[in-house]
Amino acid sequence: MARGYDFQAIEAKWQRVWEESGAFAATEEPERRKFYLLEMYPYPSGRIHMGHVRNYAIGDVLARFLRMRGYNVLHPMGWDSFGLPAENAAIEHHTHPAKWTNDNIAYMRTQLKRMGFSYDWQREITCSDPAYYRWGQWLFLKLYEKGLVYKKSSAVNWCEVCQTVLANEQVEGGLCWRDGTSVVQKELPGWFFRITAYAEELLSSLDNLSGWPEPVKVMQRNWIGKSVGAEVCFPLADREGALTIFTTRQDTLFGATFMVLAPEHPHALALAQGTSQEQQVRAFIERMSREDRLQRTAADVDKAGVFTGAYAINPLTRERIPVWIGNFVLLEYGTGAIMAVPSNDQRDFEFAQKYGLPIRLAVKPVDVDPDERHLQQAYEGEGVLVNSGPFTGMASQQAREAIADFLEREAIGKRTVNYRLRDWGISRQRYWGNPIPIIYCDGCKTVPVPYRDLPVILPQNIQITIKGGSPLQKVAEFTDVLCPRCGAPARRETDTMDTFVDSSWYFLRFTSPKDEDGPVTPAHVNYWMPVDQYIGGIEHAVLHLLYARFFTKTVRDLGMIAVDEPFRRLLTQGMVCKETHRCPEHGFRLPEEVDASSCCRTCGRPVQIGRIEKMSKSKKNVVDPEDLLAQYGADTARLFCLFAAPPERDLEWSDQGVEGSFRFLCRIVRLIEDQEELLKGPNPSIPFQKLIAGRALYRKAQQTIRRVTEDIEDDFHFNTAISALMELANEIGRFELVGSADDADERRVAYSYAVETLLLLLSPFAPHLCEELWERLGHDGSIFQAPWPSYDPAIITAEEIVVVVQIDGKVRSRLVMPADADDTAMRGAALADERVKGWLEDRPIRKVVVVPKKLVNIVIGGVR
RNA sequence: GCGAGAGUGGCGGAAUGGCAGACGCGCUGGACUUAGGAUCCAGUCCGCCUUUGGCGGAUGGGGGUUCAAGUCCCCCCUCUCGCACCA
C-alpha cells in the first residue's frame with residue numbers, strides 16, 4: 001500500500017460523516033430545480049456483484065455532480081425482494097424465505113454503504129414488506145374495478161423447474177429466462193393485466209422518448225408488433241357459418257386458394273366431422289397438442305397440415321377453396337385462421353407445394369411477368385395486381401386501400417389493427433410474492449378483498465416445497481375466509497403476483513415511501529416525477545421497462561399522477577466481462593486454479609485463455625467487489641468501473657487496470673501531501689492576468705473544468721472525463737512549485753488553484769478521498785457543499801494558437817500565431833512560410849482553404 | 001431471414017468532416033535505491049531514408065462525395081445483441 005493513502009480509514013471516516021449528517025436526504029423544495037435519479041433496484045441475492053457496482057457507480061457520479069451543480073436530487077435505493085430464489089434457498093438451507101431475504105438485504109445494504117453511494121436511505125423500499133406490497137394489492141383492485149385485470153384460463157408457459165407460470169416476456173427462445181430450462185405449455189386459469197388496452201399508446205409514445213436509446217425503443221416496437229390490415233369473412237361452403245381471418249395483404253385476396261386454421265382453432269375438428277378426413281384431422285390435432293408448441297412454431301420446423309374435408313368460399317372470387325389445418329398457424333395471433341396466398345406469401349407457398357394446392361398469382365413485380373405455374377418462391381414485395389377482377393392493374397399499395405374499402409362497403413370485412421403483444425399473465429403458483437387480493441365464494445363467485453382489509457398478509461408459518469402446487473394452498477388459516485360480501489365460508493386466491501408487478505411502480509413509491517393513506521402522495525409524486533434519469537441493464541429492455549410504462553399510464557388514468565411516461569432519460573449500461581480460463585478436462589477454471597505457465601493446477605494440461613465473457617459464477621470469471629474493497633477501497637473500484645469503458649458499452653475487467661486507477665489516486669495524495677504545509681497557508685490573491693509562471697497551469701485547470709463538465713453532462717463520457725483529470729494531475733506533477741523568489745507567490749496560487757480544482761472535479765468519482773484531501777487543505781465542511789467550479793471562456797482561450805498548414809491535405813508545417821489571427825493573416829503566414837515555399841516550388845496555387853484558428857490547406861493538385 | 005449496434009496500436013479505449021491513436025494498461029531503457037513488484041524521467045503504430053530531422057503507409061475490405069473522410073454516401077465481410085412461420 002502506498003504511503004499516505006490509508007483508504008480503509010478514509011472511507012470508514014467519511015461514510016460515518018455522511019451517515020451522521022444525513023447528507024443525502026432529499027425533501028421537496030418547489031423553488032429548486034429537482035432531479036430524480038434512479039438506478040434499477042437489485043434483487044437481494046446475498047451479495048452485490050460487479051454489475052451492481054458499475055450500475056450504481058455511474059448513478060452516484062451523476063448524483064454527486066448534480067448536487068454540486070445546485071439540483072435538488074432524489075437518489076433512492078430499495079430491494080426487489082420477492083421472487084423464487086428465496087424459496088429455493090429456504091428449501092436448501094431450511095430457512096424461511098423472509099429471513100433469508102432480510103439477512104441478504106441487511107448484508108447488501110452494508111456493502112452498498114461501503115461503496116460510498118449517496119442514497120437517501122430514509123426512503124428505502126423493500127417490496128416484500130407489507131407496508132409496500134399492500135399498495136400493490138390496492139392498485140391491483142383499482143385496475144380490477146376498471147376492467148384492466150381479469151381472470152381467464154389459457155395455455156400458459158409453464159416452467160417445470162420453477163413450478164410456475166412465466167409471462168411471454170419471460171420466455172427466451174423457448175427457455176425459462178431464469179434457469180434456461182425448457183418451458184412447456186399448460187392449460188391453467190390465471191390473472192391477467194390488460195396491457196393490450198394500452199398497446200397503441202405504448203407504441204406511439206415511444207416516439208416522444210428522445211432520451212431513450214434507440215435499440216431499446218426498437219425492441220419495444222418489435223415486441224408490441226403492430227400490424228395494420230383487415231379481417232375478412234370467408235363463408236363456409238355447403239353449410240352455415242363462416243371463418244374470419246386477419247390479413248395485412250388484402251390486396252392479394254384474389255390469390256387466396258385455400259385456408260389454414262390453427263390446430264387449436266375451435267372449428268378445426270367440427271369442420272371435419274362427418275367427412276372422410278375426420279380420423280386424420282383428429283390424429284393431427286392430437287399430435288399437435290402433445291408437441292411442444294414453442295418447438296412446433298419455430299421457424300425452421302417443416303410445415304405440416306391436414307385437409308379438414310370442408311370448403312369455404314373466397315368472398316371476392318366466389319370460388320370454393322379447401323380449408324386445411326396447419327402447424328404454422330397460431331391461435332393467439334389474429335383470429336387463429338389465415339387465408340393462404342401461396343403466390344405472394346412464402347409460408348403459404350411452401351405449404352401449397354408440399355400438399356399440391358393451387359397457386360395463383362395476385363400481385364406481380366412491376367417490370368416482370370412471372371409464369372405462375374413455375375414459381376420458385378412467393379413474391380412478397382409490392383407490385384401490380386393480376387387476376388384480380390376490377391382491381392387488376394392497380395398498384396398493390398393502392399389496392400390495399402381500395403379492397404379494404406370494398407370489403408367494408410360489402411360488409412365482407414373491416415379494417416383491423418393487430419398487435420403481437422399479449423395480455424400480461426401475472427399469476428404465479430409460488431409463495432414468496434405479493435398475494436392476489438381476491439376471494440372465491442360459491443355464491444358470490446369472485447370477490448375482491450375490501451380495501452379496508454388490505455394488506456392480505458403472507459402467512460409466516462409455512463412449508464415450502466417445490467413440487468405439489470402453491471405452498472399457500474396448504475395453509476388453511478390463509479385460504480379459509482368468510483366471504484366479505486355474504487359471510488359464507490370462502491377461499492382465498494393462492495396465486496401470488498409476478499415480481500415484475502412490484503417493480504412496475506416502485507419508482508412512484510420512492511417519492512413518498514412511508515405514506516399510509518395511499519400508494520403515492522400527490523404533492524410529492526408530482527414534484528419528483530418523472531424520473532429524470534434511469535440507469536440499468538439492457539436485459540430489461542422489454543420486460544421491466546414495458547411493464548413500468550404500462551403501470552405509469554394506468555396510474556395516470558386513475559388520476560393519481562400527471563406524467564405519461566415514467567423515465568425521461570434512460571441509460572442502459574453494458575455488461576461487466578472478463579476473460580475465462582478453460583481446461584480441456586476440468587472446464588472453466590478460476591484464475592488461482594491456473595499456474596504461471598497457463599496450465600491447470602489439477603491436471604497440468606494447458607489451459608485456454610478463453611473468450612471475454614460476462615462475469616458469472618459458472619464461467620468462474622467473477623471478481624468479488626468485497627475483495628476489491630479490501631485491497632484497493634471503494635474509490636478505486638468506482639474509478640476503474642468508470643474509466644475502463646463508456647457506460648453503455650461492455651466493460652472488460654482488468655486487474656492491471658484496477659491497479660492503474662489505484663496508482664492514480666495515490667498520485668493525487670502525493671500531489672497534496674508533498675506540499676501540504678505550503679498549500680495550507682493563506683494564499684495571496686493574484687488575478688489571472690498577472691500570472692506568468694503559473695499561467696499555463698491555471699489555464700489547464702480551467703480547461704479541465706470545461707472538459708469534465710461537458711463529458712459528464714452531455715453523454716456520460718466518464719472515461720474521457722477521468723482522462724482529462726489525469727492530464728491535469730500530470731501537469732500539476734510536472735509543475736515547478738518552487739521557482740525564483742519573485743514568482744513564488746504566483747506559483748503557489750496556480751498550484752493551489754489547480755489542486756483544488758482537481759479535487760472538486762474528481763469528487764463525484766472518488767468521493768471519500770476528495771473529502772479527506774479537501775479537509776487536509778484546510779476547508780471546513782464537506783466538499784459536496786462546495787459549488788461545482790466554473791470557468792472563464794476568456795481564460796480558456798490561449799494567447800497563441802498552432803496553425804496547421806497542409807498542402808493538398810498533407811501536413812507540411814505548423815505555425816505559432818496570435819490567437820486573434822484572422823483568416824487573411826493565417827493565409828498570409830502560411831504562404832510566407834519557408835517550409836511551405838519549399839514544397840510549392842512556384843507551382844500555381846489552385847485554392848487556399850482556411851479553417852479559422854486551426855488550419856490552412858493549400859491546394860495545388862497534380863503531380864509533385 | 002428481419003432489426004439494431006460494433007469493427008481504430010500488443011490491450012482497454014480517444015478523436016464538432018480539419019495534425020489518427022488523448023488517457024490508461026503493458027512493454028523498453030534510464031535515475032534513485034541494500035532491494036524494487038514503490039517512485040521519478042525518457043521512449044513505445046508500421047515501413048523507409050541522408051537517422052539532427054525527414055518521407056511514405058495505416059482506422060475490417062472495395063468504391064464514391066470533398067480542398068480535406070475513422071467520421072458522410074453506396075456495396076461487401078466479420079462479430080455481438082434482439083426478434084424470429086405474427087398472416
Side-chain angles (χ1 to χ4, degrees), chain A residues 1-3 172-173 213-223 225-227 229 245-249 252 260 262 296-303 326-330 332-341 344-348 350-351 418-422 538-539 541-542 574-575 579 612 639-640 643-646 648-661 663-664 666-667 670 707 717 719-727 729-730 733-734 802-814 835 846-852 854-861:
Chain A
M1 192 184 308
R3 165 183 65 97
E172 297 173 344
E214 202 53 42
V216 174
K217 290 194 277 188
V218 168
M219 281 160 75
Q220 292 213 354
R221 276 190 200 104
N222 290 343
W223 190 263
K226 179 179 182 176
S227 304
I245 59 98
F246 173 73
T247 181
T248 55
R249 291 298 303 271
T252 66
V260 190
R296 186 192 102 200
T297 55
D300 49 4
V301 169
D302 276 345
K303 298 197 172 28
N327 62 347
F328 67 102
V329 178
L330 308 173
E332 315 79 41
Y333 188 80
T335 61
I338 62 160
M339 67 170 188
V341 184
N344 296 100
D345 184 292
Q346 186 60 24
R347 296 159 300 183
D348 300 346
E350 286 167 24
F351 196 80
N418 241 298
Y419 299 92
R420 211 187 75 115
L421 183 70
R422 311 280 155 74
I538 185 82
E539 66 272 20
V542 277
M575 298 182 299
E579 67 178 15
I612 312 295
L639 192 70
F640 174 72
F643 179 60
E648 67 279 3
R649 280 219 235 166
D650 285 354
L651 182 156
E652 189 184 326
W653 195 263
S654 154
D655 294 335
Q656 285 163 333
V658 177
E659 190 76 40
S661 296
R663 275 205 296 263
F664 172 64
C666 292
R667 214 168 126 72
R670 280 196 307 276
R707 281 181 63 186
H717 281 181
N719 55 332
T720 50
I722 293 168
S723 81
L725 292 170
M726 289 172 167
E727 281 184 49
N730 289 342
R734 276 192 295 271
V802 176
V803 176
V804 170
V805 185
Q806 296 182 331
I807 295 174
D808 285 342
K810 290 188 190 296
V811 180
R812 295 305 184 198
S813 184
R814 289 185 179 80
R835 296 163 50 85
R846 294 224 300 240
K847 189 174 178 183
V848 178
V849 180
V850 180
V851 180
K854 270 191 177 166
L855 174 143
V856 179
N857 189 12
I858 302 165
V859 185
I860 51 179

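All chains are named by letter (A, B, ...) in the order of the sequence lines, taking the proteins before the strands, and each is independently numbered beginning at 1.
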Interatomic distance at C1', B:rU65 relative to B:rC73, whole Å
7 Å
P-based separation of B:rG26 from B:rU80 [nearest Å]:
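To the nearest whole Å, 29 Å.
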Below the 4.0 Å mark, does B:rA84 have OP1 or OP2 next to a side-chain nitrogen or oxygen of A:Arg420?
yes
Protein-nucleotide distance (A:Trp223, atom CH2; B:rG3, atom C1'), rounded to Å
15 Å
Would you kindly give the CG-to-P distance between A:Leu421 and B:rA84, to the nearest whole Å?
13 Å
Establish, yes or no, whether the cationic atom of A:Lys303 lies under 6.0 Å from the six-membered ring centre of A:Phe351 and within 45° of the ring axis.
no
What residues form a side-chain contact (heavy atoms from CB on, under 4.5 Å) with A:Val658, not counting sequence neighbours?
A:Leu628, A:Tyr632, A:Thr636, A:Phe640, A:Trp653
Working for side chain to side chain contact (heavy atoms under 4.5 Å, CB included), residues A:Glu332 and A:Arg420:
CA-CA 9 Å; A:Glu332 315 79 41; A:Arg420 211 187 75 115; over 6 Å; no
Side chain to side chain contact (heavy atoms under 4.5 Å, CB included) between A:Met726 and A:Phe643: does it pass, once the steps are laid out?
CA-CA 11 Å; A:Met726 289 172 167; A:Phe643 179 60; 3.9 Å; yes
Table of protein N/O atoms under 3.5 Å from nucleotides 63-65 of chain B N/O atoms:
none

Nearest listed nucleotide, side chain of [X], among [options]:
{"X": "A:Tyr333", "options": "B:rC85, B:rA87, B:rU39", "value": "B:rA87"}
{"X": "A:Arg734", "options": "B:rC41, B:rG56, B:rA87", "value": "B:rC41"}
{"X": "A:Arg812", "options": "B:rG56, B:rG12, B:rU39", "value": "B:rG56"}
{"X": "A:Pro215", "options": "B:rC85, B:rA4, B:rG54", "value": "B:rA4"}

At 4.0 Å (heavy atoms only), tell me whether A:Asn418 reaches a base, stays on the sugar-phosphate, or touches nothing.
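Nothing, no heavy atom under 4.0 Å.
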Which part of the nucleic acid, if any, lies within reach of A:Arg221 when heavy atoms closer than 4.0 Å are counted: base, sugar-phosphate only, or nothing?
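No contact at all - A:Arg221 keeps every heavy atom at 4.0 Å or more from the nucleic acid.
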Indicate whether any N or O donor in one side chain lies under 3.5 Å from an N or O acceptor in the other, for A:Asn730 and A:Arg667.
yes
Tell me, please, which residues at least two apart from A:Lys854 pass side-chain hydrogen bond (donor to acceptor under 3.5 Å, both in side chains).
none
Could you work out, with ring-ring contact (aromatic ring centres under 6.0 Å, His included) as the rule, every residue matching A:Phe246, not counting sequence neighbours?
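In terms of ring-ring contact (aromatic ring centres under 6.0 Å, His included), with neighbours along the sequence ignored, A:Phe246 is linked to no residue.
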For every nucleotide of nucleotides 16-27 of chain B, 5' to 3': is a protein heavy atom under 4.0 Å from its base (B), only from its sugar-phosphate (S), or from neither (-)?
B-BB--BBSSS-
For RNA chain B, what is the dot-bracket line, given that a base pair needs Watson-Crick (N1 to N3, plus N6-O4 or O6-N4) or G-U wobble (N1-O2 and O6-N3) geometry with both distances under 3.5 Å, and | means paired with another strand?
(((((((..(((.....[....)))((((((.......))))))(((((...)))))..(((((..]....))))))))))))....
